[in-house]
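The structure appears right after this line, and notes come after that.
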There are 4 protein chains.
Amino acid sequence: MQDGRTPAPARGRPRDTGRDIAILEATLLVLTEVGCDQLTIDAVAARAGVGKPTVYRRYPGKAALVAAAAEHRAPRTPPATPSGDLRAALLTTVQWLAGQIAEQEIGLLGALFTGMRNDPGLAAEMRRILRRDEAAMTEEPFRGVIESGERLVPGAAALFAEIAPAVIVHRLNFAGLPCDRPFLEHLVDDVLLPLLRRR
Amino acid sequence: MQDGRTPAPARGRPRDTGRDIAILEATLLVLTEVGCDQLTIDAVAARAGVGKPTVYRRYPGKAALVAAAAEHRAPRTPPATPSGDLRAALLTTVQWLAGQIAEQEIGLLGALFTGMRNDPGLAAEMRRILRRDEAAMTEEPFRGVIESGERLVPGAAALFAEIAPAVIVHRLNFAGLPCDRPFLEHLVDDVLLPLLRRR
Amino acid sequence: MQDGRTPAPARGRPRDTGRDIAILEATLLVLTEVGCDQLTIDAVAARAGVGKPTVYRRYPGKAALVAAAAEHRAPRTPPATPSGDLRAALLTTVQWLAGQIAEQEIGLLGALFTGMRNDPGLAAEMRRILRRDEAAMTEEPFRGVIESGERLVPGAAALFAEIAPAVIVHRLNFAGLPCDRPFLEHLVDDVLLPLLRRR
Amino acid sequence: MQDGRTPAPARGRPRDTGRDIAILEATLLVLTEVGCDQLTIDAVAARAGVGKPTVYRRYPGKAALVAAAAEHRAPRTPPATPSGDLRAALLTTVQWLAGQIAEQEIGLLGALFTGMRNDPGLAAEMRRILRRDEAAMTEEPFRGVIESGERLVPGAAALFAEIAPAVIVHRLNFAGLPCDRPFLEHLVDDVLLPLLRRR
DNA sequence: AAATAACCGAGACGGTACGTCAAGTCTTGAG
DNA sequence: CTCAAGACTTGACGTACCGTCTCGGTTATTT
């Protein structure tokens, strides 16, 4: 410890960037295999072919690791929606949304609950990630609609982002029911369209 | 599937009912003190004045114990709502609902995610408990309204039960924002009332 | 209460003698199967088809139970020995003795060590049993010899009882070698005969 | 594979030798305090100032731990014996031998019986230790005697090693009697000297 | 014949130790 | 200064057995 001024003069051996990626992808693999609370740092390190301290040098604990893995996922871009047909656009979006949540978020939710109580900063970070994803996925269906002259209530996109993910997550995790086509049509026809369309 | 005969001949020393209660109440105590994932069976046993095997004889693990403790809580009855005023009734109910979720469900959610992956039966059990509570709390606000002549869409209660808890849980846990008065008024005025009132 | 003279008026139901035997034989079985320290009261009770308190009503613990089981064994009578031939008599006896120790005592020795330190009374009891057995087995070879005119040192039987079992046990348990024919002949020819014969 | 001679490339952090010693000495301490079957791994770990897994990383169980502790003892060298006087030499040696067995082997015998059934390799190991000690202690008394011209039977040392420890152990553990001076003189005068002296 | 008292199987109980597992830190030797 | 490997402390895990007790029920003697 002889010099504190230089921000990062890269003294000694620099970190291997390949390890960063290997760790994150190993985390995602283990996460989907055994779930979040069964995930162990040892397993991640072994899967990534790195030592345990190499993981701890990057992340302070399991929660931060899972958060970083969530961040690392390929950015999820919602499918293009047909302009002019609000119902079809909403249906396409919620269908894709339900698939994403069902497939990928399952392990993440546990990590979120686990880590949030012990580390508020981490909680904020994970919320930021989730919000970014939701924002991306809720802009799409209204892009073409506005041009088409369909009349929507003010703040329709925000309302959609507030309700659609909530109802889908709640159905999957608390009701334990699948988000199949009939349910998604019910969601669009009985909830979203009545709410978002200008009355 | 009912059996007309005695379900169990009650061989051997019967379990001490006092211990059942002591264990469950100790669980609730520890749960609220340290949270769900920090809860240890040893702590529960010590708090209940009971040996560890006495806990394990009743529940196979932490998740089942927390589930049983949730079941054991005094049944939560929503407050009476003013007849005739749908908006006031909804506001009263969502306010109480938000309070319940914020205060009590905190530990349960973690347990739910913890146990769901390993034991589908346990997951079903916890969902049953949550649904029972939600059912009780969504019947109330529509009791007096129907008589009052206010016109509601068909299946209004089910729609309320589908949306209100979902949005509240999502806001608390994923957005990390409090369910304060302005939010609840927004929920009632901008989401629930437009949806439930006959258009 | 009209008669106080009988030491045990046997009020109430008397103990089932069949259980006594079942317990002891189950003890011997378990003892030879898993050894002494792996023996559990539960296993003995289960094997005997009785409840645990039925065992504890008779014996205060594992050590006493094993001691009683040792006592219960069929009294071991050494084989008849040829009169007049001291060497043959000794060889016959040590051969039988080695067989007894190798087959039966293995589990008992552990019990002896286990129980002796905690309960001096039990230790005395077990020593009494062992001594009784040894006494019986060391009288035989000298019965016919005395009449035959062969000259022995005074206290030959005691000397035999002091040395022969000691050397056999030591070889089996500490050296871990079998007491085969060559060893036994060595024991007789190089140790016992030179010692016992009047010089 | 460039070097076949190094037995282990010593990857990772090597074991702390200080812990090895601390564990063994703590084992000996606990052993002499509470005996062998009352010895618990937790107690040893606590006494050594060491975590339980640190003990289990080195030894698979209680028996192996006790065996290693026996091995670790300072090598026990018998006292020097007077040359030329066989009786005095034998008496000195058996006296010391009886003291050693009475004081130190107490815990070991239990461990031996405990571990022998489950792990034949361990049993062999303990026998090796015991034999090594016995070998050391039986060489001494005959060192000076041979020069002195006293005539001994061939294989006198082996005979001594075969009989003396056996009789002493048997008296201590099975007869439950102390190895006091009269007994030791009896052992030397009535057993050892008649056997070992050339007739 | 009825009452009494000890017996019985089963098994719950508090307790103690077991042996395992994971978390997060520290230490080595190599690069 | 980083890396892989792995030893380290800590602490909870879930299990096994201990010896005791409590239950419902049985069996003999005593009244």
query = Would you say the side chain of C/L24 lies within less than 4.5 Å of the side chain of C/Y59, judging by non-hydrogen atoms?
reply = yes

note = note: A/I41, atom CD1; F/dA5, atom C1'; distance rounded to Å ~ 17 Å

ask   = Atom CG of B/D20 and atom C1' of E/dA12: how far apart are they, to the nearest Å?
value = 11 Å

ask   = Between the base of E/dC7 and the side chain of C/R15, is there any donor-acceptor pair under 3.5 Å?
value = no

Main-chain N/O of B/A48 paired with B/R19 side-chain donor or acceptor, under 3.5 Å = no

query = Has the side chain of D/K52 got a donor or acceptor atom that lies under 3.5 Å from a matching backbone atom of D/I41?
reply = no

request  = Answer yes when D/E71 and D/R128 have at least one side-chain N-carboxylate O distance shorter than 4.0 Å, and no when they do not.
outcome  = yes

query = Do A/I23 and A/L65 come close enough that some side-chain heavy atom pair is under 4.5 Å?
reply = yes

note = Note: for C/R58 and D/P14 on DNA chain E, the residue whose nearest nucleotide lies more 5' is C/R58

note = Within residues 42-56 of chain D, the residues having a heavy atom closer than 4.0 Å to DNA chain F are D/G49, D/V50, D/G51, D/K52, D/P53, D/T54

inquiry  = Heavy atoms from C-beta onward define the side chain here; which of E/dC7, E/dT28, E/dC18 lies closest to that of D/T40?
reply    = E/dC18

task = Compare all side-chain heavy atoms of C/L39 with those of C/T27 and state whether any distance is below 4.5 angstrom.
result = yes

request  = Looking at every strand, decide which applies to C/R19 at a 4.0 Å heavy-atom threshold: base, sugar-phosphate, or nothing.
outcome  = sugar-phosphate

request  = Look at A/D20 together with A/R58 and state whether they make a salt bridge at an N to O cut-off of under 4.0 Å.
outcome  = yes

ask   = To the nearest angstrom, how far is A/Q38 atom CD from F/dC13 atom P?
value = 13 Å

ask   = What integer distance in Å separates D/I23:CD1 from F/dC8:C1'?
value = 11 Å

query = Taking the nucleotide of DNA chain F with the closest heavy atom to each, which residue, B/L39 or C/G61, is nearer the 5' end?
reply = B/L39

message = With each end axis built from five pairs of C1' atoms, what bend angle do you get for the helix from E/dA1-F/dT31 to E/dG31-F/dC1? Round to 10°.
response = 20°

task = State which of F/dG19, F/dC8, F/dT2 makes the closest approach to the side chain of D/D16.
result = F/dC8

remark   = From NZ of C/K62 across to P of F/dA16 the rounded distance in Å is 16 Å

request  = Select one nucleotide: of F/dG19, E/dC13, F/dA7, the one nearest the side-chain heavy atoms of D/R13.
outcome  = F/dA7

request  = Identify whether the distance between the nearest side-chain nitrogen and carboxylate oxygen of B/E25 and B/R73 falls below 4.0 Å.
outcome  = no

key: Student check: side-chain heavy atoms of B/E33 and B/Q38 closer than 4.5 Å   = no

ask   = Rounded to whole angstrom units, what separation is found between the CG atom of B/L65 and the C1' atom of F/dG14?
value = 14 Å

